[in-house]
Each structure stands twice: as structure tokens, then as C-alpha cells.
Asker: 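Below is the structure I would like to discuss, written out as C-alpha cells.
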2 protein chains.
Amino acid sequence: MRADARRNHERLLTVARSAFTEHGTDTSLEDVARRAGVGVGTLYRHFPSRRALISAVFQSEADALVARGRELLDAAEPCAALLDWLRALIGHAVTYRGLSRTLMTASPDGSCELSSCSVPVRTAGGALLARAQRAGSVRPEVGIGDLLQLTNAIAIAAEESPDDAGLADRLLTLTLHGLRPAA
Amino acid sequence: MRADARRNHERLLTVARSAFTEHGTDTSLEDVARRAGVGVGTLYRHFPSRRALISAVFQSEADALVARGRELLDAAEPCAALLDWLRALIGHAVTYRGLSRTLMTASPDGSCELSSCSVPVRTAGGALLARAQRAGSVRPEVGIGDLLQLTNAIAIAAEESPDDAGLADRLLTLTLHGLRPAA
DNA sequence: ACCTGAACACCGTTCAAGT
DNA sequence: ACCTGAACACCGTTCAAGT
């Protein structure tokens, strides 16, 4: 890659990250290009679709989530570890408004642009869930796919109610109660 | 209201209803106007915003939900009645893709265009929830606001996974488990 | 090899002119 | 009193021309 191309690539990522934080992932791509000091065409050359750009921006957060998941596998309380991790997931989703929506549409197999983010995240969550299930603190019939969809749904609810700061946590707690096996 | 104005109003409602069913509530308003045989300006005269149009279309479903809620207040099992009603709510939301999103942003007080729909629905749900709580089958600290936000969130997850027909039901079941008081 | 930005298509919304 | 549709603003995406 040519030096200027590489610089443009990185500039676009930086600008896109802050634009997504400020205005959500639906922000104007024209605006991103302008703020990065490049033509729109250059943006499309580097990131052929909005999803590709979102994916690239989210990649580092996804890595962090996977790393956090690995740490939490050693935590004392498997169920609390799972909750912590889901909270972290929601935190990322709320930072980039609209991300949850994009993640929800990412198919579980590796077929779309978001797979490089969503598949490892899914795997990390799956490990935490399985551990909590082995410990008997989560119902065995719950799947990681369902749990992630529900968590993303909660993130969307939180995005839409910015004035209710505790909502996501309350809904997550409710969900966690639902995960516990019947007595 | 003049006769032609009344006819236009009804035509717009009919067309909007089917357009929302086909393409979701994000459908092109220009298209709705065209299919109704009126100019765009006429659409805006009758419904000054997209939300106003959505609200008008949803009004009759909201009425139906309220009626269903009243019936279910006499059902034998308070908790099962609540579940039935939430399922019905999700059904409406899935029919009009995007509706849940709009409903989620409707404030609980009567301040926005959607209040004429959302407030009565909220009240109906609140009655069913309160009954289940009095019967001791739902945790007392859960509020109707949180429950509706979560239900709408589940509806969004279902919309985004059209290939997984059972998703909404599974997530709703999970939630209902969470509502049960700790043993 | 990469970049630019004009060009095209599309949509939401408004408003002057018409009936 | 109501309707029409052209006009404006905005955005996503493509591609011919430039370096």
C-alpha cells in the first residue's frame, strides 16, 4: 500500500470512530470523508460499504471484549463473570449508537463483513455462558445466540432512552434472573 | 372537513397501513402519497410528521390491544395472561417493522404524537402486571415501563432475525422466567 | 496505483400557485 | 379550504478524469 493510501486509511478510521461516537453509526459518510480531508470516493475505495467501515472501527473494541472474556474465565463466580461481560458488551454498544442493530443482523456463520468482529465475540461469550451452565447457575437450554440477541436488544432500549441511565442494568438483571434454573 | 379531504385522509391511512406492513414504518412517504393518488403536500397537511402517520395507523391496533388486555384481566392464570398479552404486543410490532423503535422513544407522559397509542397500551399492560404481582407470580420491583421497553427490544431482535421464527417466543420466555420471584 | 469530486438517483419537507 | 407538484436541501454511491 502506498504511503498516502495508508495515511488516508488511518485518518478515515480515526474520524469515523469519533463520528460514530458523536452521531451514531448512521452518521453521514460524506461528512466523515470531508472531516478526514479526502474525497468520498476514497472512503468507498477503502471501505466499500458502511458495514465494512463499522466493522473496521469496532474491531479493536471486539478484541478488547474477547480479551476481557478470557480474563473473566478465571473469575470466581461464573454467573457474575457472565454478567460483567454482558455489561461490557452493552457499554461498547451504547458508545456507538446503532452498533447493536448492525451486530444483530450479523449472521452467526462467517459470511458477512462483520464476521471478523462478531464471531470471536460470540465465541468469547459462549465460553463464559458454558462455564456458568456447567456450574449450574444458568439454565442449560439457553444458547449464546439468543443471549446475545437479547443483550443487543437491551442495548437498543438503552440507546433510545438516554435519560434513563439505569435502564440497561435493570433489564440485564431481569434477564439474568431469567437465566437461573428453576428451583 | 370537506368530503374530498376526508376521502384523502382515509385513503392515506389505508395505503400507509399496507405500505408499513410491506416495507416497514421507514417506507418512503412520497411513495405512500403516490399510491394514495394525492400530492405529497396533502400527506403532510393531514399528517405533519411520520410519527403522526404511524400513530394514526397504529391507533386501531392499540385499541385492540387494550381490549385484549381487559379480557385477559379475567383469565385464570395472571402470569399466563401477562405472557399472552406481551405476545400479542410483539405480534403487532413485528407486523409493522420499525414500530417498536418508534414506540420505545414515546415518553411515558402524554407529551408526544404517539401518546394516544402508547399511554392506553401502557395502562393496559400495567393492570395485567399489577395483577400478576398481587398474585405473587411476578417480582414486585418490576415496573411496566421496563417491561415494555424490554418487550419492544425483543420485538426488534425478532424483526432483525426474520429467519428465526421462534426467537421472540424464546426470549419472551426467558424474560418471564426472570420476572418470577426468587425461590 | 490511488485520489478527486462532479454526477446521478433518491428522499423528506416546504410553499407558491392553483382550484 | 384544500390540493398540487415543483423546488430546495441532503445524502449514498459510482465513475470518468486527473495525478
Side-chain angles (χ1 to χ4, degrees), chain A residues 1-58 96-99 101-102 105-106 112-114 160, chain B residues 1-58 96-99 101-102 105-106 112-114 160:
Chain A
M1 178 136 55
R2 234 164 58 177
D4 56 342
R6 163 167 299 280
R7 216 196 43 197
N8 283 337
H9 190 91
E10 272 163 29
R11 264 199 181 158
L12 281 167
L13 272 181
T14 308
V15 171
R17 165 163 283 119
S18 69
F20 287 170
T21 310
E22 277 177 64
H23 310 292
T25 56
D26 281 338
T27 194
S28 155
L29 294 187
E30 215 170 15
D31 200 61
V32 170
R34 194 157 13 105
R35 282 167 58 182
V38 303
V40 245
T42 304
L43 187 151
Y44 279 93
R45 160 169 283 266
H46 285 276
F47 306 101
S49 68
R50 181 182 293 274
R51 295 168 72 89
L53 182 55
I54 294 176
S55 175
V57 167
F58 183 54
Y96 303 123
R97 265 167 304 145
L99 177 63
R101 215 140 189 248
T102 310
T105 65
C112 77
E113 290 128 318
L114 279 159
E160 303 285 352
Chain B
M1 176 136 57
R2 235 164 57 176
D4 56 341
R6 163 167 297 280
R7 215 197 42 196
N8 282 339
H9 191 91
E10 273 164 30
R11 263 201 183 156
L12 281 167
L13 273 181
T14 308
V15 171
R17 165 163 284 119
S18 70
F20 287 171
T21 310
E22 275 178 65
H23 312 292
T25 56
D26 282 338
T27 193
S28 155
L29 295 186
E30 216 170 16
D31 201 61
V32 170
R34 193 157 14 104
R35 281 167 59 182
V38 303
V40 245
T42 303
L43 187 151
Y44 279 93
R45 159 169 283 267
H46 286 276
F47 306 100
S49 69
R50 182 182 292 272
R51 294 168 72 88
L53 181 57
I54 293 176
S55 175
V57 167
F58 184 54
Y96 303 122
R97 264 168 304 146
L99 177 63
R101 223 149 178 233
T102 310
T105 66
C112 80
E113 291 128 317
L114 278 159
E160 303 285 353

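Chain letters run A, B, ... following the sequence lines, proteins first and then strands; every chain starts at 1.
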Asker: Does D/dA17 have a Watson-Crick or wobble partner in any strand here, with both distances under 3.5 angstrom, and which is it?
Answerer: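 Result: none.
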
Asker: So what does B/S28 hit on the nucleic acid, given a heavy-atom distance under 4.0 Å: a base, only sugar-phosphate, or nothing?
Answerer: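 Here B/S28 touches the backbone only, sparing every base.
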
Asker: Both A/G41 and B/T42 contact DNA chain D. Taking the nearest nucleotide for each, which residue is further toward the 5' end?
Answerer: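 The residue closer to the strand's 5' end, by nearest nucleotide, is B/T42.
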
Asker: Should B/D31 and B/R34 count as side-chain neighbours, where that means a heavy-atom distance under 4.5 Å?
Answerer: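 Yes; the side chains approach each other to less than 4.5 Å.
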
Asker: Just compare C/dC3, C/dT13, D/dC3 and give me whichever is closest to any side-chain atom of B/Y44.
Answerer: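 Among the listed nucleotides, the one closest to the side chain of B/Y44 is C/dT13.
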
Asker: Just call it for B/V38: base, sugar-phosphate, or nothing, with non-hydrogen atoms closer than 4.0 Å on any strand.
Answerer: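 The residue B/V38 makes sugar-phosphate contact but no base contact.
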
Asker: Report the distance from atom NE2 of A/H23 to atom C1' of D/dC10, rounded to the nearest whole Å.
Answerer: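 A/H23 atom NE2 is separated from D/dC10 atom C1' by 15 Å.
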
Asker: Considering every strand shown, what is the Watson-Crick or G-U wobble mate of C/dC8 when both distances are under 3.5 Å?
Answerer: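 Its partner is D/dG12.
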
Asker: Below the 4.0 Å mark, does C/dC3 have OP1 or OP2 next to a side-chain nitrogen or oxygen of A/N8?
Answerer: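 Yes, because at least one side-chain N or O of A/N8 sits under 4.0 Å from OP1 or OP2 of C/dC3.
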
Asker: Using a heavy-atom cut-off of under 4.0 Å over every strand shown, decide if B/D31 touches base, sugar-phosphate, or nothing.
Answerer: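 The residue B/D31 makes no contact with any strand.
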
Asker: Roughly, in whole Å, what's the span from NE2 in A/H9 to C1' in C/dC3?
Answerer: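 My rounded result for the distance is 16 Å.
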
Asker: Round to a whole Å and report the spacing from CZ of A/F47 to P of D/dT13.
Answerer: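 Atom-to-atom, A/F47 to D/dT13, this comes out as 14 Å.
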
Asker: Any non-hydrogen side-chain atom of A/L99 less than 4.5 Å from a side-chain atom of A/F20?
Answerer: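 Side chain of A/L99 against side chain of A/F20, heavy atoms only: no contact under 4.5 Å found.
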
Asker: Would a 4.5 Å heavy-atom cut-off, applied to side chains only, mark A/H9 and A/L13 as touching?
Answerer: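 A/H9 reaches A/L13 side chain to side chain.
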
Asker: Round to the nearest Å and state the distance from A/D4 atom CG to D/dG18 atom C1'.
Answerer: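 In whole Å, D/dG18 C1' and A/D4 CG are 14 Å from each other.
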
Asker: Are A/N8 and A/H46 side-chain neighbours, meaning at least one heavy-atom pair lies under 4.5 Å?
Answerer: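 Result yes, sub-4.5 Å side-chain heavy-atom pair found.
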
Asker: Distance check: side-chain N/O of A/H46 vs OP1/OP2 of C/dC3, anything under 4.0 Å?
Answerer: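 Looking at the OP1 and OP2 atoms of C/dC3, one of them is under 4.0 Å from a side-chain N or O of A/H46.
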
Asker: Taking the side chain of B/V40 as heavy atoms from C-beta outward, which of D/dT4, D/dG5, D/dG12 is closest to it?
Answerer: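 Within the option list, the nearest is D/dG5.
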
Asker: Whole Å only: how far is the CZ atom of A/R45 from the C1' atom of D/dT13?
Answerer: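 The answer, rounded to whole Å, is 15 Å.
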
Asker: Starting at atom CG of B/L43, determine the distance to atom P of C/dC15, rounded to an integer number of angstrom.
Answerer: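 One finds 17 Å between P of C/dC15 and CG of B/L43, rounded.
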
Asker: With distance as the sole test, does A/S55 use its side chain to make a donor-acceptor pair with the main-chain N or O of A/R51 at under 3.5 Å?
Answerer: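 Not confirmed, A/S55 side chain does not pair with A/R51 backbone.
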
Asker: By the 4.0 Å heavy-atom rule, please label A/T27 as base, sugar-phosphate, or nothing.
Answerer: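 Sugar-phosphate, no base atom in range.
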
Asker: Would you mind reading off the distance between B/R50 atom CZ and C/dT13 atom C1', rounded to a whole angstrom?
Answerer: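 Going from B/R50 (CZ) to C/dT13 (C1'), I get 11 Å.
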
Asker: Provide, to the nearest angstrom, the distance between the CG atom belonging to A/L29 and the P atom belonging to D/dT13.
Answerer: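 After rounding, the gap between these two atoms is 6 Å.
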
